[in-house]
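One structure is given below, encoded as structure tokens.
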Amino acid sequence: MELIVNEFNIQQIAESGQSFRWYPVKKGYVVVAFHQVIYLEQEAKKLTLEIIKGDDQIWHSYFDLDQDYNSIMSLLKGQFPYLDQAMVFGSGIRILKQEAYEMMMTFIISANNNIKRITQSILLLSERYGSLLCEYEGVKYYDFPTPEQLRNVSIEDYRACGVGYRDQYLYELIKTINQGHDISSYVSLTDSELKSALLRHKGIGEKVAHCIMLFGYYRINQFPVDTWIKKVLVEKLHANPKALREFIEHHFHEYGGVAQQYLFYYGRFEPKNIS
DNA sequence: GTCCAGGCTCTTT
DNA sequence: AAAGAGCATGGA
């Protein structure tokens, strides 16, 4: 399947740190999401999707193709030279609409961790407890394990996947879900209700909750503040470090999550000799 | 060896 | 309310 896309760059999305299930293969990426697998390649505005497992129904939504990122950038433009540069540099970034439950597990693992090890842990969890989805170019791809598949996984088993001290948080979340706690009902909550519902789970604090809201529930007003972004806001946008939330609310309002992604990506990958 | 990674929980002021 | 210690683990 071929699509013509605007404000879309697979490398930028893959490196933006919102998904840990994009695997570099050949000249593109294998992407695993919603129990399905595709191989993606892009040449300028031409995006090629090769459906490996599943159908072509979910991907339009997954890639947020109904959202006009050009108009979002227009609204964010003109406030800070640094943000304007960030939007030029990362103009192909989009907010992926991912599965909420997977985002909860993923971002619990992400706390005080590095991207390489997060990716590795999620790969191990999937290979050991998820369903085999397909084989592509000699590599097998596994689904993210369901709560049911994790029912009998022990704290030690999680630890063996390299998640460190977050093992007990994963264990508690899975136990809660398998005891009947319905996290799918979270979708109908308001932002503040959703945030407090997420904060009730151990291992989910302010920053992780915002990531789950942004990537798992498509609350694109949510602006996760991590150590990187804090530095960018203070040093590049000259925000008052003691009033970051007010600063964010005032300048980015309903598109805070998108602005955050531009700033995060630029902060990490901008060419060294600029700024 | 020390420091850090898309922080959080628990304890102490 | 705010600040500090401790936390697994691999890589720089």
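Given the structure is predicted, the values throughout are model-derived calculations rather than measurements. Just so it is clear: chains get the letters A, B, ... in the order the sequence lines come, proteins before strands, and each one is counted from 1.
- Remark: Lys46(A) does not engage Glu41(A) in a salt bridge, criterion side-chain N to carboxylate O under 4.0 Å.
- On the P atoms, dA5(C) is 23 Å away from dG6(B), given to the nearest whole Å.
- Contacts of Ile108(A) with the nucleic acid, taken as non-hydrogen atoms under 4.0 Å apart, are absent.
- A cation-pi geometry, defined here as NZ or CZ lying under 6.0 Å from the six-membered ring centre and within 45° of its normal, does not hold between Lys202(A) and Tyr169(A).
- Applying the salt bridge (Lys or Arg N to Asp or Glu O under 4.0 Å) test to Glu99(A) and every residue at least two apart in sequence or in another chain returns nothing.
- Legend: residues meeting salt bridge (Lys or Arg N to Asp or Glu O under 4.0 Å) with Arg159(A), ordered by chain and number and at least two apart, are Asp167(A).
- In terms of position on DNA chain B, the residue among Trp228(A) and Gly203(A) whose nearest nucleotide sits closer to the 5' end is Trp228(A).
- Counting any heavy atom pair closer than 4.0 Å across all strands shown, Ser16(A) reaches a base atom.
- Among the atoms of the strands shown, only primed sugar atoms or phosphate atoms (P, OP1, OP2) are found under 4.0 Å from some heavy atom of Glu206(A).
- Put simply, NZ on Lys242(A) is 18 Å from P on dA1(C), counting in whole angstrom units.
- Hydrophobic clustering, defined by side-chain heavy atoms of Ile, Leu, Val, Met, Phe, Trp and Tyr closer than 4.5 Å, groups Leu49(A) together with Met1(A), Leu3(A), Val5(A), Phe8(A), Ile10(A), Ile13(A), Trp22(A), Tyr29(A), Val31(A), Phe34(A), Ile38(A), Leu40(A), Leu47(A), Ile51(A), Ile58(A), Trp59(A), Tyr62(A), Phe63(A), Leu65(A), Leu96(A).
- A distance of about 22 Å separates the P atoms of dC8(B) and dG10(C), rounded to the whole Å.
- A salt bridge is defined here as a Lys NZ or Arg NE, NH1 or NH2 lying under 4.0 Å from an Asp or Glu carboxylate O, and Lys77(A) with Asp84(A) fails to meet this definition.
- Classification of the Tyr265(A)-Phe89(A) ring pair by plane angle, with boundaries at 30° and 60°, yields tilted.
- Residues that satisfy the salt bridge (Lys or Arg N to Asp or Glu O under 4.0 Å) test with Glu156(A), not counting sequence neighbours, are absent from this structure.
- Nucleotides of DNA chain B nearest to Gln260(A) and Lys202(A) differ in position, and the one nearer the 5' end is that of Gln260(A).
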Check your understanding: Just by protein heavy atoms under 4.0 Å, how would nucleotides 3-10 of chain C read 5' to 3' in B, S and -?
Key -> ----BBBS

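- At least one side-chain heavy atom of Lys26(A) sits under 4.5 Å from a side-chain heavy atom of Tyr136(A).
- With a cutoff of under 4.0 Å to any heavy atom of chain A, the contacted region of DNA chain B is bounded 5' to 3' by dA5(B) to dC10(B).
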